[in-house]
Engineer: 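I'd like to ask some things about the structure below.
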Amino acid sequence: MQAWRVHRNGEPGEVMSLEETDRPTPGDGQVLVRVAAANVNFPDALLCRGQYQVRPPLPFTPGVEVCGTTEDGRRVLATPALPYGGFAEYVVADEAALLPAPDALDDAEAAALHIGYQTGWFGLHRRAHLQAGETLLVHAAAGGVGSAAVQLGKAAGATVIGVVGGPDKAAVARELGCDLVIDRRGEDIVAAVKEATGGRGADVVYDPVGGDAYAKSVKCIAFEGRVLVVGFASGSIPAPALNHALVKNYSIVGLHWGLYNTKDPAAVRACHDELTKLAAQGIVKPLISERVGMAGAAEAVQRVADGTSTGRIVVLPAGVPAGVAGGAR
């Protein structure tokens, strides 16, 4: 089969190579899955760089979530068992962690209704306890993780403020349903949030960026607000001033979604059932900005690493269907 492999750590565009290799062999409790669509995530870039919390042995194939078909014909969502990641024609995955692919979504959309949306749902509902009528501030609102949080925030009845970088991403955020969009490149985030909320600030902040995004967030957080720490796409991990959290009476809440797979797998399945219902109702729909063939995987991962993409880029190992080579939504 064909698979993208990493033999040394570095930038995805430099260290990913497309090779012919053997199909992986399922172990106990695992199944072989033929990949129909592999979603590109920021952790794929971190895996290539050797900076992810999981460091598979070299060589390995990146790709942390797929939609595919099992040997007995089931259409499923899976998190491949590394080192045999999703940018390949076949993966192995733990049978117990497979989720049924939603009928309302095509393969590319289904692949994207997994880690990003699960992260958003657990973050907003289990960790931050977002309530209808509250104000949600989402950083990187036009990206894969941020776009999911925007849709889930609107579904929960929140007023959603999206922060983006540049006019093209601002247009995407508006299309997603943000009530207000702030372009961090030309606008003052803190002033804009305070003006939009009558000085109160945001009740919940969804931060997959870290660095300056976190620093700005705590300057415009509301009384009893919750800052949800999801990731550090900026590459800068902030050092919170706990005295500031004390005097302003806000919470700093961390989320590592992967822990739920081992600590509370039933909650993961319940969340998937809820997301499947929302997709069937048309309330959420993953924003697929591009569908690329197998040959485009390394370049796609590099663009996600560089922060130049919007929504989700999805790799289709069997080829790109006519009419959806790029820009499909």
Side-chain angles (χ1 to χ4, degrees), residues 9-11 41-55 64 115-116 118-120 122-130 134-146 148-150 153 160-165 169 182-194 196-197 199-260 263 304-308:
N9 294 127
E11 286 302 299
N41 286 267
F42 189 71
D44 295 320
L46 296 179
L47 281 166
C48 291
R49 293 168 174 166
Q51 297 174 345
Y52 197 51
Q53 53 257 42
V54 176
R55 297 191 67 174
V64 297
I115 296 175
Q118 287 261 347
T119 298
F122 273 95
L124 296 178
H125 294 289
R126 286 282 291 257
R127 302 294 287 136
H129 303 291
L130 179 69
E134 290 191 316
T135 296
L136 169 65
L137 176 65
V138 179
H139 289 282
V145 172
V150 169
V160 180
I161 301 174
V163 178
V164 299
K169 292 187 177 184
I182 302 170
D183 186 345
R184 60 179 172 77
R185 294 181 180 175
E187 297 179 78
D188 185 325
I189 295 173
V190 176
V193 171
K194 288 185 176 180
T197 59
R200 171 179 167 76
D203 298 290
V204 175
V205 175
Y206 193 82
D207 181 16
V209 178
D212 187 62
Y214 176 87
K216 297 289 176 57
S217 297
V218 297
K219 292 181 180 179
C220 58
I221 189 72
F223 172 75
E224 293 195 326
R226 291 85 74 199
V227 180
L228 190 59
V229 179
V230 181
F232 312 104
S234 67
S236 175
I237 300 176
L242 297 185
N243 60 325
H244 191 258
L246 184 154
V247 298
K248 289 198 69 174
N249 210 59
Y250 63 84
S251 301
I252 303 165
V253 184
L255 173 68
H256 178 193
W257 170 77
L259 287 178
Y260 287 96
K263 300 291 187 182
V304 170
D306 294 339
T308 60

Engineer: Please report the shortest heavy-atom distance between Ser217 and Val205, naming the atom on each side.
Structural biologist: OG-CG1, 3.3 Å

Engineer: According to side chain to side chain contact (heavy atoms under 4.5 Å, CB included), who are the partners of Ala233, at least two apart in sequence or on a separate chain?
Structural biologist: Phe42

Engineer: So, for Leu136 and Gly153, which heavy atoms are closest and what is the spacing to 0.1 Å?
Structural biologist: CD2-CA, 3.8 Å

Engineer: Any side-chain hydrogen bond (donor to acceptor under 3.5 Å, both in side chains) involving residues 222-232? Give me the pairs, sequence neighbours left out, ordered by first then second residue.
Structural biologist: Glu134-Arg226

Engineer: Check salt bridge (Lys or Arg N to Asp or Glu O under 4.0 Å) between Arg185 and all other residues, then give those that pass, not counting sequence neighbours.
Structural biologist: none

Engineer: Between Asn41 and Asp44 (side chain of the first, backbone of the second, donor and acceptor by atom type, cut-off under 3.5 Å), is there such a pair?
Structural biologist: no

Engineer: Suppose we screen for side-chain hydrogen bond (donor to acceptor under 3.5 Å, both in side chains). Which residues come up paired with Asn249, at least two apart in sequence or across chains?
Structural biologist: none

Engineer: How many angstroms lie between CD1 in Ile182 and NE2 in His139, if you round to the nearest 0.5 Å?
Structural biologist: 8.5 Å

Engineer: Quick one: does Val193's side chain get under 4.5 Å of Val163's, heavy atoms only?
Structural biologist: no

Engineer: Under the side-chain hydrogen bond (donor to acceptor under 3.5 Å, both in side chains) test, which residues partner Lys216, sequence neighbours left out?
Structural biologist: Asp212

Engineer: Could you pull out all residues at least two apart from Gln51 that satisfy side-chain hydrogen bond (donor to acceptor under 3.5 Å, both in side chains)?
Structural biologist: none

Engineer: Are the side chain of Ser234 and the backbone of Ser236 linked by a donor-acceptor contact shorter than 3.5 Å?
Structural biologist: yes

Engineer: For a quick test of reading the model, state the closest non-hydrogen atom pair linking Thr119 to Leu255 and the distance between them.
Structural biologist: O-CD2, 3.2 Å

Engineer: What pairs with Tyr52 under side-chain hydrogen bond (donor to acceptor under 3.5 Å, both in side chains), at least two apart in sequence or on another chain?
Structural biologist: none

Engineer: For Arg127 and Leu228, work out which heavy atoms get closest and say how close.
Structural biologist: CB-CD1, 3.9 Å

Engineer: Is a donor on one side and an acceptor on the other found under 3.5 Å between the side chain of Asn9 and the backbone of Cys48?
Structural biologist: yes

Engineer: Roughly how far, to the nearest 0.5 Å, is CD of Gln118 from OH of Tyr260?
Structural biologist: 10.5 Å

Engineer: Applying salt bridge (Lys or Arg N to Asp or Glu O under 4.0 Å), name anything that partners Glu187, two or more places apart in sequence or on another chain.
Structural biologist: none

Engineer: Tyr214 vs Ile252, test: side chain to side chain contact (heavy atoms under 4.5 Å, CB included). Steps then yes/no.
Structural biologist: CA-CA 10 Å; Tyr214 176 87; Ile252 303 165; 3.3 Å; yes

Engineer: I'd like to check the side chain to side chain contact (heavy atoms under 4.5 Å, CB included) partners of Leu246; sequence neighbours left out, ordered by chain and number.
Structural biologist: none

Engineer: How close do Ala215 and Val218 get, heavy atom to heavy atom, and via which atoms?
Structural biologist: O-CG2, 3.4 Å

Engineer: Roughly how far apart are Leu124 CG and Tyr206 OH, rounded to 0.5 Å?
Structural biologist: 6.0 Å

Engineer: Could you pull out all residues at least two apart from Ala140 that satisfy side chain to side chain contact (heavy atoms under 4.5 Å, CB included)?
Structural biologist: Pro208, Val209

Engineer: Could you note down all residue pairs passing ring pair (Phe, Tyr, Trp, His ring centres under 6.0 Å) where residues 219-244 supplies at least one of them, sequence neighbours left out?
Structural biologist: His244-Tyr250

Engineer: With sequence neighbours excluded, what pairs up with Arg200 under the salt bridge (Lys or Arg N to Asp or Glu O under 4.0 Å) test?
Structural biologist: Asp203

Engineer: Taking all heavy atoms of Ala148 and all of Gly116, pick out the closest pair and write down the distance.
Structural biologist: CB-O, 3.9 Å

